[in-house]
Amino acid sequence: MLTILFDGVAYGMILFVLACGLSVTMGLMNFINLAHGAFAMFGGYVTVLAMQRLGLPFLWALPAAFLVAAAAGLVLERLVYRPMYAKSHLDQVMFSIGLVFMAVAGADYLMGSSQQFVQLPAWLSGRFDLAGIGVGRYRLFIILLCGALAFAMQWGFTRTRFGSRLRAAVDDARVARGLGIPVNRLFALTFAFGSGLAGLGGALGIELMGLDPTFSLKFMIYFLIVVTVGGTSTISGPFFAAMLLGVADVAGKYLVPQLGAFIIYALMVVLLITRPHGLFARGRA
Amino acid sequence: MSVALQTFDLCKSFGGITATDHVDFTLAKGARHALIGPNGAGKTTFVNLLTGVLRPSSGRVELKGEDITAVSREARVGRGLARTFQINQLFGTMTPVEMIALVTSERLGRGRQLLRALDRDAELVAETAEILARFRLDDIMDERIATLPYGKQRQIEIAAAFAAKPSVLLLDEPAAGVPEAERRELMAMVAGLPEDVSVLLIEHDMDLVFRFATRITVLVNGHVLAEGDPDEVARDPAVRAAYLGEHAHG
Amino acid sequence: AQDAVKIGLILPMTGPFASTGRQIAAAANLYIQEKGATVAGKKIELILKDDTGTADVTRRIAQELIVNDKVTAIAGFGLTPLALATAPLATQAKTPMVVMAAATAIITERSPFVVRTSQVVPQIGAPFGTWIAKQGTKRVITIVSDYGPGHDVESSFSEAFKAGGGQVENIRVPLQNPDFSPFLQRVADAKPEALLVFVPSGVGAQFMKQFVERGLDKSGIKLIGTGDLTDDDILNGMGDIALGVITAQHYSASHDSPENKAFVEGFKKANPGMRPNFMAVGGYDGMHALYEGLKKTKGEGGEALVTAMKGMSWTSPRGPISIDPETRDIIQNVYIRKVERVNGELYNQEFETIPNVKDPTKAKK
Amino acid sequence: MSEGSIEARVQRSLYAARRWHPAEIMFWLLAVAAFFLLPRQLLILNEIAILGLFAVSLDLILGYAGIVSLGHAAFFGFGAYAAGLFAKHASADPLAGLAVGMGAAGLLGLLTSPLILRGSDLTRLMVTLGVALILGELANSLGWLTGGADGLQGIMMGSVLGLFEFDIFGKVAYLYSLAVLFVLFVLARRIVGSPFGLSLRAIRDNPLRASASGVPLHWRLVAVYTLAAAYAGAAGALLAQTTQFVSLDVLAFHRSADLMLVLIIGGAGYLYGGLIGAVAFKLLQDVIASFTPQYWMFWIGLFLVLFVLGGRELIHGGIKAVVGRVARLGRRSPT
Amino acid sequence: MAELLTVERLSAGYGEAQVLFDIDLSLAEGRSLALLGRNGVGKTTLVNSIIGVTRRRGGRITLAGQDITAASPEQRAHAGIGWVPQERNIFKSLTVLENLTAVAKPGPWTTERVFSMFPRLAERKANLGNQLSGGEQQMLAIGRALMLNPKLLLLDEPTEGLAPIIVEELLRALKRLVREEGLSAIVIEQHARKILELTDEAIVLERGRVVFAAGSAELLADPSRLERHLGLAAA
Ligand SMILES: Nc1ncnc2c1ncn2[C@@H]1O[C@H](COP(=O)(O)OP(=O)(O)OP(=O)(O)O)[C@@H](O)[C@H]1O
Ligand SMILES: Nc1ncnc2c1ncn2[C@@H]1O[C@H](COP(=O)(O)OP(=O)(O)OP(=O)(O)O)[C@@H](O)[C@H]1O
Ligand SMILES: [Mg+2]
Ligand SMILES: [Mg+2]
C-alpha cells in the first residue's frame, strides 16, 4: 500500500512539474497559455536530440531543455505574446491553441509522428526496496527535484520583491508602469522561466509519458486540472493539488480499476464545486 | 414613527477584524438619515449587510417589520430596498436605455418573459423614459456606458437605484467624484423623492450631510458612537475628535 | 472523365493515430509506384483525406468522395467506429470499401461491400491464447485499453486461453492513461506467469518501461501481447527493455521472404527513417486487392469489383493470404515472434507459424 | 407619443435591437441559395448548419450570460445518443427524435446547472469539461446501450414529415438541418431581445449590480443553461439523424474545444457569430485539409494566431463595410 | 528658481479620440499647482499624460531639464514622478505592505513614515488591497506614491472618499512637504476653494484647453471667474 502511495506522489510530482510552468504564466501572469504543452514538447524534443545527436548525458540534457525552452519562450514573448496580455481570456485561448496546432504539425513535420525515446543512465533506472516500499529510482529523482523546485518557486514568487512586483504588474499593468515597475522586463523573464519549466517538465516526462507530436494536446487537460484545482494564486496550491490528484488517481485505479477513468475527473468536479477558487485561495471572504 | 429598516445586534467580522460590531440601528419611514464615520469604520460593510451582499456573522435585519436576514439580494430589491455603490457598478456594454430598462423590467416582474419584445411593453417604455428624463440622460441614452465620462456614469449609478422605485434607498458616497457645483443638484434630486421613501446617506462631504440629514448616526470601528439630530452630533466632542476635526459646523 | 479510376483513401493523418495513416499512405503510394499507375488501361488516382479521428467527418468525406468525386472505391479506415459509420454508406452507394487497418470483427458484417486486408483482432488473439496455453502457462493477466479493439483482444485471447485450460484475470485501463503504476502494482501482487498487454501503438513502449522499472521483468512475469505492443514502426527506439517480449501478429518487417525483402527495401527507400509495420502491409495489400480486382472487372467498380476481390489469394510481404469469399475478411498466417537484436536493430523474429487463420468469430457462426 | 418625445426615442432604441437588418435577411437567403448553387457541397453545408446551431447554443450561455464552457459537447452528445436510441428503439420519425434529443439534453442541462453557478471562468471551464469527460467515459462503459467505442449503429431514419426521404447527396439533410436551425435561431433571437435576454446580459456585465437590480441570478442562469443545453441537444440530434450513426466522439473534448474556437472566430454575443464562425472554420479546415491532409493543423493554427494578432479587425472591418453596403441597398430598394 | 516640469503644446488622448489640445504649463521646484475644471474636461488625462499612460499626439515634456517626451512611464517614474491615479488602482493581490514596498525607492519616505502619516494603514498592513475600504485605498494610493520618493507628486482627486479629519491632515501634510521638503505637486480637486487656499498656482481646463492660468490667490479672489469656469456660486 505504501508503494502505491509513493507511486501516487511521484505521479503527482510529474503532473506538477509539467503544470507548474503553466501555473506561473496562468496563475502569476494571468495569461491563459494553452501552448504550455508545446513548450514542454519542445523541451522533450531538445532532450531527445541532445542525447541522440550530440550524445549529451541525461543530466546535462535537462538544463539544456530548460534553457532552450526558456530562450524560445523569451523570443516568442517578444514577438507574439506581448500584445496578447491585454486581450481577453478567450482571445488568449484561441491564440495559444493556434500555437499548439502549429507546434503539433511542426513537430510532426520535423520529427515524424512516432514516439521518441530516451535511455536513462543506469543509476536512475530500476528500483530498490526501502522498508518494504518499492522505490523507483527515477521516481525518487523526480520527487526530490520537483520538491526542491516547488519550494524554491513558492518562496521566490511570494516572499520576494520580484514576486510582489510581478503580481502588481499583473493586477494593473498601466498603473504599475506609472509607478516605475518595469513591467515588460518582469513579464519577459517570468514567461521565459515558465517556458523553461515547461521544457524541463517535458524532458523529465518523456520517460513516463512518452513524447510524440500530440503530446501538447494530449496532456493539456491534465495541466489545466492541476492548475485549476490548485488555484491560480499560489505555487503551493497546484503542488498539493497535483499530489492529491496523483495519489487519488493511482490509489483509485489500484483499488477500483473499473472506475479508473472516472476518478480524476470526478475528483476534480467535486473539488471545484466545494472550493471554486482553488484549494488555497488567497484572500477571499 | 413607523420603522422602515432595523437591525438587531448585527455583527460582521473578517478574520480578526470586526467591521460591524453589535449594531442596533433604526431607519424611520420617510427618514433623511446620514451615516458618517472615519474611513474603515464599517459603513460600506453595513450597507452590504443590509442589502445581502454580505452575510452577517450574527444578528438580524428587518425590513418593514419582516426578518430579511436570510432573504436573497434580489428579493430584497423586490421588497423595495435599493442602493448605490461606492465604486460604480454598471453594465458596461449596455446603453443607459438598456440599463434603466433592465431595472424597470425586473421591478415590473417582466424578467421571466422569454418571448416578449421590450419595445412592445408600453409601461416599461414609459417608466424607462421617465427616469432617463429625470436624470437628464436622454442625450446620451444610446451610447455605451463604458465610454461615458465619470460624472455621467455616476449619474447612471444613481438613476439605476431610483429606477427600482425603492421605499428604502441606501446611498454610498453618491457625490464622490462629482464636482462641487453639481453636488447640490444631485442632493436636491434625492431630497425630492416622495416623502414616504426612506433614505440612508453615507457621505464624507459634511456640507451635503448637514444640509440633507435630519438625523445622523456616527459609526466608529464598527459600532455606533453617537446618534442624534445634526446639531447634537456636530457638537459631540467624541465625534469631533474621531471624525469631524475642526470642520466648522454647529 | 471515364478513363481514370479514382480511389478515396481516408486515413487518420493527424492526431494520436497519425502514424497509422502515414504508414498506410506511404505503402499505398509505394504500391502504385511499383506497379504503375494504370490498370486495365485506366489511370489510377488516389485521393487522400484526413478523417480527423471523427466518425461524422469520416462519413461525410466518404460521402463526398462517392457523390462528388465519383470514386470507384473507398479505402483506408484506421479506427473501427469510423469504418462502422461509413459501412452503411458503402451499401447504399454500392461502393466497395477496403478496410486497411481497423480490426474489429464486426466491420465486414456491416456491409456486403466491405473487404478487409488488414487483420481481425480475434484472428490474432484466439490462436495466441491457444498457443500460450499449449506452452504450459496456467495463469495470465490481461491489461487492455478500454476501447473496442482492446475488448476484442481481451475476450478472444481469454476465451481461447481458458479453453486451453488456463486461468485469466482481466484489467482494463482508460485510453488516456499516462501512469500505469497502479495496474502494474496489481499485477505484481497477483504474480501471474504472463501478462498480456494491448494498448494503442506507442503507449506500449511507455508500458514496457514502467514494467521494467518496477522490476517485473525480473520477477518471472513474462510480457506478451499482440504485435501492436512491439510495433515495427517504433520498436527500434524502445531499447533493450523490449528484448524477449513474445507477441503474435500477422506481419513482421523481418519476415523472411523475397516479397518482404523487396517491400521493406522499397518502403525504406521511399520513406527514409521509417520501417514498414503491419499497418503498411495492410495498405499495400489493400492496393493489391483493388488492382487485381480492377484488372478482372476492366476498371468496373460496384458489386463486380467486390465479387472480383472475393476469394482472391496471393503472396503478400507477410506471407500467403487470401480473401475469404464468404466473409470478405482476410485469411492469413499468424506468427509467434520474439524481440531480438539483429544487426544492431530490434526486430520481431518469427519462430512459429499458425497457418491460414480465419476470423474465429465468424467461423463459429 | 410624439416623434421626438423621450418615450418614442426609448421605444425606438429598444426596437433597434430586434429589427431585422437587411444583411440578416441576405444571410438566410444565401443559406437557401447555397442549396441550389453548391449541390456538391451539401454534405459539408449540413455539417456547417449543425455546427452553427451548436455554436448558437454556446453563444446563448457564453455571449449572453457570460458562462464559459469547455464541455458543451456533453449536451450535444447526449442529444445525439438520445435521438439515436429513440430512432433505433422507438420511432424513426425525425421530428419526434429531435424533440426527444432536445428534451433529454435540456434535462441534463437542468440537472448539471447547479455546477456552473459558482466560481470563476476557469472553474467553470474545468467543471463543464469534467462533466463532459465523465459522460464520455460513461457512454464508453455502457456499451450494451450505446455500442461503446464501436458507436451506436443500426439507426434507420424515416422521412421528414413523412414526405422527404434522406438521400445520399445530402439534399434533404441540409434542408432539414437548415430549417431546424432557422426556426431555433429565430426563437433564440426573440429570447435574447426579451426582458429575460436583457437580464442575462446584465448578469454577464456585472453580477453584483444585476442582483442589486432585482435579477435572480441563479434562476436565470439555470434557465438559460437548460435552454442552451436543449439547443445543443438539437444539434446533436440533427447529427445523429443525418448521419444515422452516433459514436463516442460526439462527447469528445475536441468537439467542445472546436466549438469554442468557432464562436470566438465569429464573435460572441450577437448570435450570428456562431454561424459565421462555423462557416469560416469548416470551410477553412476542409479547404486546407484537402491540400495538405497531414499538416492542415499548422495552417489552421497560423490562421488562429494571425486572427487574434490583428486579423480580426481587418476581417470585421471588411464585413462591416459589406454589411453597410447591403444595408444601404436594402434601405433603398423598398422605395 | 529652477523649473521642475515644463509642458509645451501638449496634445494627447486615448486611441482615436483626442482629449487635450496644446496644453502649456510649467512648475518650479517647491511649488504646487491646482488643476481645476468640470467633469470630463481632461484633468485626469493631463495628469496621465505627464506620467505617460495616454497616447501623445504632439508637444514636449521636460522634467528637471531632462526631455522625457519619449520616455516610458517607468522611466518617468524613475526620473522622479509619483502618481496617485484617480481610481486609486490599488494592486489587489498584494498586501498593504507589499503595495508599498513593491514600488519603493530609497529616500526619506519609508513604510514607517507612511504608516505614521496614515495609522489606519498600519493596522491593515497584512490585508490584501481589495479588502480595504474606499478611504483606506485612497490613503494607500497616496502612501504608495510617496514611497517612490518623488520630486513631483501628481495627485488626482486625493481627498475623495476620505473622512474630513483625514482630509485636513492630508492637506496640511502636503503643504508642509511642498514648503519644507521642496516637493512639487499637481493636485486635481473637486472642491476648488479648499485647494486654492493651499496651492501656489492654478490652471483651469475647459474641453481640453487651458482657459485660465495664474496664482491661486488671484483665482480665489475672483468670484466671477470661479462662477464662469467652475460653476461655483459666490459663497
Ligand atoms: N473582505 C474583507 N476582508 C477583510 N477586511 C475587510 C473586507 N472588507 C472590508 N474589510 C475591512 O473592514 C473595515 C470596514 O470597511 P468598510 O468598507 O465598511 O469601511 P467604510 O466605513 O465604508 O470606509 P470608507 O469611508 O473608507 O469607505 C475596513 O477596515 C476594511 O479594511
Ligand atoms: N480610456 C478612455 N478612452 C476614451 N476616452 C476617455 C478615456 N478616459 C477618458 N476619456 C474621455 O476623455 C475626456 C476627459 O476625461 P478625463 O477623465 O480626463 O476628465 P476629468 O477632467 O478628469 O473628469 P472627472 O472630473 O470626471 O475626473 C472625457 O470626455 C472622457 O470621456
Ligand atoms: Mg465605504
Ligand atoms: Mg478625472
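Lettering of chains follows the sequences in order, A, B, ..., and the numbering in each one begins at 1. Because the structure is a prediction, the values reported are computed rather than measured.
- With a threshold of 4.5 angstrom between heavy atoms, Met141(B) approaches chain D through side-chain atoms but not through N, CA, C or O.
- Tyr231(D) approaches Ser57(D) most closely through the heavy-atom pair CB-CB, 3.5 Å.
- Comparing Leu81(B), Val103(B), Leu102(B) by how many heavy-atom pairs each has under 4.5 Å with chain D, the most go to Leu102(B).
- Interface summary for chain D: among Arg107(B), Met94(B), Arg83(B), the most heavy-atom pairs under 4.5 angstrom belong to Met94(B).
- Contact of Thr93(B) with chain D is made through backbone and side chain together, with heavy-atom distances under 4.5 Å.
- Side-chain contact of Thr44(B) with Gln86(B): a donor-acceptor pair under 3.5 Å is present, judged by distance alone.
- Contact count versus chain D (heavy atoms, under 4.5 Å) is highest, among Glu130(B), Arg120(B), Met99(B), for Arg120(B).
- The candidate with the highest count of non-hydrogen atom pairs below 4.5 Å against chain D, out of Arg76(B), Glu127(B), Gln113(B), is Gln113(B).
- Neither the backbone nor the side chain of Leu200(D) comes within less than 4.5 Å of any heavy atom in chain B.
- Taking the six-membered ring for Trp, Phe27(D) and His21(D) have ring centres at least 6.0 Å apart.
- No other option in Leu132(B), Leu114(B), Val77(B) has as many heavy-atom pairs under 4.5 Å with chain D as Leu114(B).
- Contact record, Leu125(D) with Ser69(D): CD2-C, 4.0 Å, taken as the closest heavy-atom pair.
- With respect to Glu185(B) and Arg136(B), a salt bridge is recorded, a charged nitrogen being found less than 4.0 Å from a carboxylate O.
- Of all the listed residues (Asp138(B), Asp142(B), Val97(B), Ile100(B)), the one sharing the greatest number of non-hydrogen pairs under 4.5 Å with chain D is Asp138(B).
- For Ala210(D), the parts sitting under 4.5 Å from any heavy atom of chain B are the backbone and the side chain alike.
- In plain terms, the two heavy atoms of Leu115(B) and Ser194(D) that are nearest each other are N-CB, 4.1 Å.
- Heavy-atom distances place both the backbone and the side chain of Arg190(D) under 4.5 Å from chain B.
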